Amino acid sequence: MLIFFICIALLVLAYKFYSPFVERQAGIDPKAKTPQAKFEDGVDYVPVHPAKAFLIQFLNVAGVGPIFGPILGALYGPIALVWIVLGNIIGGAVHDYFSGVLSIKEDGKSLPEIAGHYFNIYFKGVMLLFTAMLLFFVGVVFIMSPAGLLSNLDYFKDTIFGNNTFWVVVILAYYFLATMLPIDKIITKLYPAFGLLMIVMTVSIAVALMINAPQLPEMGDVFAYFDHSHYNNELLEPNPDGLPVWPLLFVTITCGAISGFHSTQAPIMARCLTNEKYVRPVYYGAMVAEGIVACVWATAGIAAFPGGYVELKSLLDQGGPGLVVNQVATTYLGVMGGIMAIVAVAIFPITSGDTAFRSLRLTIIDAFHIPQSMRNRLLVAVPILTIAYFMTKIDFSLIWRYFAFSNMLLSTSVLWLATKYLFDRGTFHWIVSLPAIGGTSVTVSYIMTAGIGLGLPQPLSQPVGIAVGVICLVALIIAHNRRKPVVDVN
């Protein structure tokens with residue numbers, strides 16, 4: 001648990017001391033007129049209190065991601081906690097913060113439009129393709145997973161509620177309303193309550209683990225990936241499948257560490273904030289909060305089961321992360337835990353799916369400069385959701401693999417976009433450029449070895465990915481040395 005406490009402390013300290021330094025590089029102007037004030041339309045540009053905006057952003061980016069991903073990553077052992085914290089502080093929180101900065105500075109526009117402004121139309125096209133693809137896959141995934149869970153509940157057996165198609169249609173109907181209606185009709189009313197519920201659940205699980213967890217690995221287990229001599233009991237040995245940490249751990253745990261999906265959600269609240277000074281608590285703060293959630297569930301995966309990693313793997317094989325959530329919650333929190341577990345694995349993914357489709361509508365409308373009329377919103381939303389329905393008939397694992405790749409590629413692209421923003425300002429771009437280089441290296445390694453990519457042997461993909469990262473670093477150093485000094489960054 002010492003590792004767990006250190007991780008939480010580091011995340012809190014990063015917000016307290018590192019985020020103000022990051023903010024100083026961004027050129028935040030509390031006196032500037034925000035997109036909400038410029039373009040208030042009663043649909044997407046609506047004023048939202050910063051506390052409520054934080055809870056909405058938190059749930060937008062969190063959903064079930066910082067629960068499922070860390071549980072899967074827990075198979076790698078305590079090194080999963082190390083990745084969550086380092087990834088969050090160095091990459092994820094900075095990534096989310098600059099996603100918000102770039103959007104609020106550019107009138108709440110979507111990422112492809114911002115990319116076109118700072119680079120060119122070709123980079124805009126690439127960003128549009130991968131942003132739309134990621135948002136669509138997120139939406140489809142978060143139709144399938146809650147529908148599958150709800151239809152399999154014992155309470156619904158032998159009723160219409162036990163039919164998967166029934167829940168797919170119900171969820172799609174809700175997504176249609178959330179995509180079409182003004183943001184203050186559904187999202188700003190429901191999300192703060194669900195955000196608070198996630199916080200209560202996370203704190204409850206953390207406290208229960210500290211009191212009752214039966215299996216706490218030793219400190220030395222963090223280094224077990226490199227030296228398996230630490231173990232006297234095979235139940236305690238992580239990574240039973242022997243999968244390579246690089247790059248698979250970085251793809252397995254994205255939410256909580258760094259996730260490109262978060263950048264697609266940035267325009268939603270960027271159009272609602274009433275002052276630029278709220279960008280740091282809303283965006284950086286929400287990502288730090290998500291990192292804490294991820295740490296709790298990674299610890300639960302590592303420490304909650306007497307059978308250690310063997311039992312964890314068995315549960316994952318039987319019912320995936322949802323079964324693990326149910327086991328942990330009901331074991332440590334009783335009946336109330338069981339209720340919260342159902343909410344966590346059914347309601348939370350829906351709160352990511354609805355904003356994914358809403359963001360996709362905004363992205364398409366921005367890209368093609370479509371006026372925001374009810375008719376036009378219908379013409380965009382109906383085809384998207386109709387195609388999404390038919391996509392639910394495709395194998396879930398295939399869609400998830402494309403989602404994982406799109407997620408990783410988009411986060412790296414956003415970091416490079418933020419690098420260009422700071423580079424042009426003449427401020428300390430290394431806070432985003434170094435994570436961008438790391439993300440590029442991981443992305444190249446993954447696509448070279450993944451089945452949806454080149455499918456090359458793992459020993460070849462690792463050095464190639466690292467070599468690409470080194471080339472990017474050298475090129476960036478050369479560009480940095482040639483950069484003309486900027487006298488006034490404001």
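Keep in mind it's a predicted model, so treat the numbers as computed, not measured. Worth knowing before you read on, the calculation uses all heavy atoms, side chains too, and leaves out hydrogens, waters and symmetry mates.
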(request) May I ask you to test the Phe68-Val324 pair for a side-chain heavy-atom distance under 4.5 Å? (result) no
(request) May I ask you to decide if the ring planes of Phe357 and Phe136 are parallel, tilted or perpendicular, using 30° and 60° as cut-offs? (result) perpendicular
(message) Main chain of Gly27, side chain of Lys105: is a donor-acceptor contact present, judged purely on distance under 3.5 Å?
(response) yes
(message) Taking Leu273's backbone N and O only, do any of them form a donor-acceptor pair with Thr34's side chain (distance below 3.5 Å, no angle check)?
(response) yes
(request) Specify the closest pair of heavy atoms between Thr299 and Cys295, including all atoms of both residues, with the distance to one decimal. (result) OG1-O, 2.7 Å
(message) On a heavy-atom basis, which atom in Ser445 and which in Gly465 lie closest, and how many Å separate them?
(response) OG-CA, 3.3 Å
(message) A side-chain contact here means heavy atoms from C-beta on lying under 4.5 Å apart; do Ile183 and Cys272 qualify?
(response) yes
(message) Donor-acceptor check, side chain of Asp366 to backbone of Ser110, threshold 3.5 angstrom: yes or no?
(response) yes
(message) When you compare the side chain of Ile431 with that of Phe428, does any pair of heavy atoms fall below 4.5 Å?
(response) yes
(request) Please say which of Gln265, His262, Gln57 ends up in a side chain to side chain donor-acceptor pair (under 3.5 Å) with Asp96. (result) His262
(request) Working to the nearest 0.5 Å, report the span between OG1 of Thr412 and CD1 of Ile437. (result) 11.0 Å
(request) Scan for ring pair (Phe, Tyr, Trp, His ring centres under 6.0 Å) pairs involving residues 24-51, sequence neighbours excluded, and state none if there are none. (result) Phe39-Tyr45
(request) Using atom types as modelled and distance alone, determine if a side-chain donor or acceptor of Arg358 lies under 3.5 Å from a backbone N or O of Ala178. (result) yes
(message) With a 4.5 Å cut-off on side-chain heavy atoms, are Met408 and Tyr446 touching?
(response) yes
(request) For residues Arg280 and Pro20, determine if any side-chain heavy atom of one lies less than 4.5 Å from a side-chain heavy atom of the other. (result) yes
(request) Measure the shortest side-chain to side-chain distance between Tyr332 and Val207 over non-hydrogen atoms and say whether it is less than 4.5 angstrom. (result) no
(message) What I want to find out is whether Asp184 reaches Lys189 closely enough, with some N-O distance under 4.0 Å, to be called a salt bridge.
(response) no
(message) Is it the case that the side chain of Arg361 and the backbone of Thr179 share a donor-acceptor pair, with hydrogens and angles ignored and the cut-off at 3.5 Å?
(response) yes
(request) Considering non-hydrogen atoms only, spot the tightest contact between Thr264 and Leu111 and give its length. (result) N-CD1, 4.2 Å
(request) Determine yes or no for a side-chain-to-main-chain donor-acceptor pair under 3.5 angstrom, with Thr419 supplying the side chain and Leu415 the backbone. (result) yes
(request) Work out which heavy atom in Met180 is nearest to a heavy atom in Ala381; give both atom names and the distance. (result) SD-CB, 3.7 Å
(request) Measure the spacing between CG of Asn275 and CG of Asp29 and express it to the nearest 0.5 Å. (result) 8.5 Å
(request) Working to the nearest 0.5 Å, report the span between CD1 of Ile143 and CG of Leu172. (result) 4.0 Å
(message) For a quick check under 3.5 Å, do Ser373 and Asn376 share a side-chain donor-acceptor pair by atom type?
(response) yes
(request) Identify the two heavy atoms, one from Glu23 and one from Ile28, that lie closest to each other, and give their separation to 0.1 Å. (result) CG-CG1, 4.0 Å
(request) Please step through side chain to side chain contact (heavy atoms under 4.5 Å, CB included) for the pair Phe142 and Tyr175, ending with a clear verdict. (result) CA-CA 10 Å; Phe142 290 145; Tyr175 283 179; 3.9 Å; yes
(request) Could you give me the CA-CA distance, side-chain angles and deciding distance for Phe250 and Ile258, then say whether side chain to side chain contact (heavy atoms under 4.5 Å, CB included) is met? (result) CA-CA 9 Å; Phe250 307 102; Ile258 181 169; over 6 Å; no
(request) With rounding to the nearest 0.5 Å, note down the distance linking CG in Leu86 to CD1 in Ile89. (result) 6.5 Å
(request) Check whether the side chains of Tyr174 and Asp354 place a donor and an acceptor atom closer than 3.5 Å, and report yes or no. (result) yes
(message) Under a 3.5 Å distance rule, please check whether Gln25 uses its side chain to pair with a backbone N or O of Thr427 as donor and acceptor.
(response) no
(message) Under a 3.5 Å distance rule, please check whether Arg271 uses its side chain to pair with a backbone N or O of Gln36 as donor and acceptor.
(response) no
(request) Measure the shortest side-chain to side-chain distance between Phe119 and Met127 over non-hydrogen atoms and say whether it is less than 4.5 angstrom. (result) no
(message) Assess the residue pair Ser352 and Asn60 against the criterion (side chain to side chain contact (heavy atoms under 4.5 Å, CB included)); give the C-alpha distance rounded to whole Å, side-chain angles, the decisive distance to 0.1 Å, and a yes or no.
(response) CA-CA 5 Å; Ser352 291; Asn60 276 355; over 6 Å; no
(request) Please check if the side chain of Tyr191 supplies one atom and the backbone of Thr351 the other of a donor-acceptor pair under 3.5 Å. (result) yes
(message) What I want to check is whether the side chains of Ser433 and Trp416 have a donor and an acceptor closer together than 3.5 Å.
(response) no
(request) Please work out which of the three classes, parallel, tilted or perpendicular, describes the rings of His429 and Phe423, given edges at 30° and 60°. (result) tilted
(message) Can you confirm whether Phe21 is buried at CZ, in the sense that more than 12 heavy atoms of other residues, nucleotides or ligands lie under 6.0 Å from that atom?
(response) yes
(request) For Asn163 and Phe166, indicate whether the former's side chain and the latter's backbone hold a donor-acceptor pair under 3.5 Å. (result) yes
(message) Show, in sequence, the C-alpha distance, side-chain angles and deciding distance for Phe194 and Leu55, and conclude whether the side chain to side chain contact (heavy atoms under 4.5 Å, CB included) test is met.
(response) CA-CA 8 Å; Phe194 287 136; Leu55 289 170; over 6 Å; no
(message) Side chains of Leu410 and Ser263, heavy atoms from C-beta outward: is any pair under 4.5 Å?
(response) yes
(request) Can you measure from OG1 (Thr355) to CE (Met269) and round to the nearest 0.5 angstrom? (result) 9.5 Å
(message) Restricting to non-hydrogen atoms, name the atom on Phe261 and the atom on Ala356 that form the minimum distance, rounded to 0.1 Å.
(response) CE1-CB, 3.9 Å
(request) Give, for atom CD of Glu290 and atom CG of Leu11, the distance between the pair rounded to the nearest 0.5 Å. (result) 11.0 Å
